[in-house]
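What follows is a set of notes on a single structure, which appears directly below.
This is a predicted model, so every value here is computed, not measured. Labels below follow one simple rule: chain letters A, B, ... track the order of the sequence lines, proteins then strands, and each chain is numbered from 1. Heavy-atom basis, side chains included; hydrogens, waters and symmetry copies ignored.
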There are 2 protein chains.
Amino acid sequence: MTIKLYDLCAADRDLRFSPACWRTRMALAHKGLAVETVPTMFTEIGAIEGGGQKTVPVINDGGVVIRDSFAIALYLEEKYPDMPSLFGGEAGAAVSRFVHYWADGFIDGQIARMCIFDIHQKLDAADQGYFRKTREARFGVALETAQDQSEDRLATFRASLSPLRSLLSKQSYFGGDSPLYADYCLFGSLQWARMVSDLELLEKDDPVFEWFERCLGLFDGLGRNAKV
Amino acid sequence: MTIKLYDLCAADRDLRFSPACWRTRMALAHKGLAVETVPTMFTEIGAIEGGGQKTVPVINDGGVVIRDSFAIALYLEEKYPDMPSLFGGEAGAAVSRFVHYWADGFIDGQIARMCIFDIHQKLDAADQGYFRKTREARFGVALETAQDQSEDRLATFRASLSPLRSLLSKQSYFGGDSPLYADYCLFGSLQWARMVSDLELLEKDDPVFEWFERCLGLFDGLGRNAKV
């Protein structure tokens with residue numbers, strides 16, 4: 001049965017840029033599960049599947065509704081144990097949760113600071129109003145001022161990827177020889193930036209850039225072929 | 001058979017402060033393995049077990065010599081598969097390597113910046129000379145100047161622990177309900193700071209502080225009862 005994924009979209013409904021939705025998209029592909037994506041604007045999130053959520057991804061798997069990207073990954077792992085594992089066991093899931101928060105909080109927070117106005121420019125008019133109001137409340141300044149693409153901030157961001165850079169001197173993916181959910185956590189972050197901004201977050205001779213390129217090619221180029 | 005662990009020591013040879021050695025010490029305890037520690041000053045590292053290393057920990061397990069804390073953890077996992085697992089499988093080991101580098105590089109780097117002169121003050125005269133020379137070459141300024149315990153730096157450090165803080169809202173340890181090697185990675189970092197400096201890295205109402213307290217109590221208080 002095809003799983004329905006409510007997937008954040010831009011004014012161009014084919015542009016799907018949410019880092020969290022990308023984590024789920026990759027997890028579904030990893031499990032080899034068929035998916036039907038439902039383009040969903042920020043201002044449409046509250047009404048999907050009877051309401052009750054402020055964020056996507058949300059999936060509906062044959063009537064079972066699951067919210068939150070990490071909860072979805074745990075659900076898929078339990079529901080489809082015979083498909084390729086996302087975590088390689090309970091310990092893998094527990095430690096991957098740290099990578100989830102590292103990407104979802106620490107890394108996404110930095111990317112938001114660098115690309116917040118670029119994101120705004122991709123949204124349709126209703127979403128722009130919502131987005132400006134909620135994000136300006138968070139940053140305390142206008143989006144145009146909050147966005148900081150300075151060399152300093154970029155250098156700090158690149159330095160913060162040093163643990164992955166070191167890891168990649170020993171193995172090809174967070175998951176070892178092949179990708180696991182932990183890889184999709186950071187992939188979502190970088191794919192988000194790639195889709196909304198022209199800012200070059202990574203230098204081309206960075207092992208992290210090479211890892212990201214490998215991830216873009218996974219599942220017949222699912223990430224690379226997505227509309228930008 | 002008792003495993004020999006070459007363990008970095010201060011002028012007071014009972015003060016064992018190395019973050020990497022603490023990772024190994026906890027891993028050995030997790031595996032329930034008997035250990036004989038050999039206090040080793042910086043300037044003694046080059047000569048142990050026939051030489052060939054610049055860093056500790058080094059272990060000798062019945063004639064098998066292993067260097068580097070993460071390599072030691074992998075070795076122990078493979079050699080003693082019937083003792084409690086440090087990783088919970090291959091995927092767990094692969095993802096834990098990321099936590100290793102996060103602690104060993106990103107976190108330890110910040111602690112070094114805050115405590116570098118405090119460390120120096122704990123060393124004996126020969127080690128002080130070596131330490132000052134190598135670390136001042138790294139920082140480009142005198143240790144007294146390099147050490148920065150400003151509120152700004154402390155705030156940045158605490159913010160960088162946010163992924164763990166989020167994790168702890170869901171589970172008790174990196175490993176889930178009980179600790180795994182990933183926990184010992186960061187434990188080593190914080191134990192290092194605790195042993196060499198009076199700086200209070202963590203606020204007492206921080207979930208990370210509570211997690212660290214739990215780790216100090218593991219294995220009959222191995223961390224808490226160590227001489228400071």
Original post:
Rounded to the nearest 0.5 Å, what separation is found between the CZ atom of B/Phe106 and the CZ atom of A/Phe106?
Top reply: 3.5 Å
**OP:** Determine which pairs satisfy ring-ring contact (aromatic ring centres under 6.0 Å, His included) with at least one residue from residues 76-97 of chain A, sequence neighbours left out, and list them in order.
**Re:** A/Phe70-A/Phe87, A/Phe87-A/Tyr181
Subject >> Under 4.5 Å from a heavy atom of chain B, the part of A/Leu164 involved >> reply: both
**OP:** Could you tell me which residues in residues 91-101 of chain A have at least one non-hydrogen atom under 4.5 Å from a non-hydrogen atom of chain B, sorted by residue number?
**Re:** A/Ala91, A/Gly92, A/Ala94, A/Val95, A/Ser96, A/Arg97, A/Phe98, A/Val99, A/Tyr101
Subject >> Exceeds 12 heavy-atom contacts within 6.0 angstrom, atom CD of B/Glu90 >> reply: no
Original post:
Can you tell which of A/Ser166, A/Ala103, A/Gly176, A/Gly175 has the highest number of heavy-atom pairs within less than 4.5 Å of chain B?
Top reply: A/Ser166
Subject >> A/Glu200, CD atom: more than 12 neighbouring heavy atoms under 6.0 Å >> reply: no
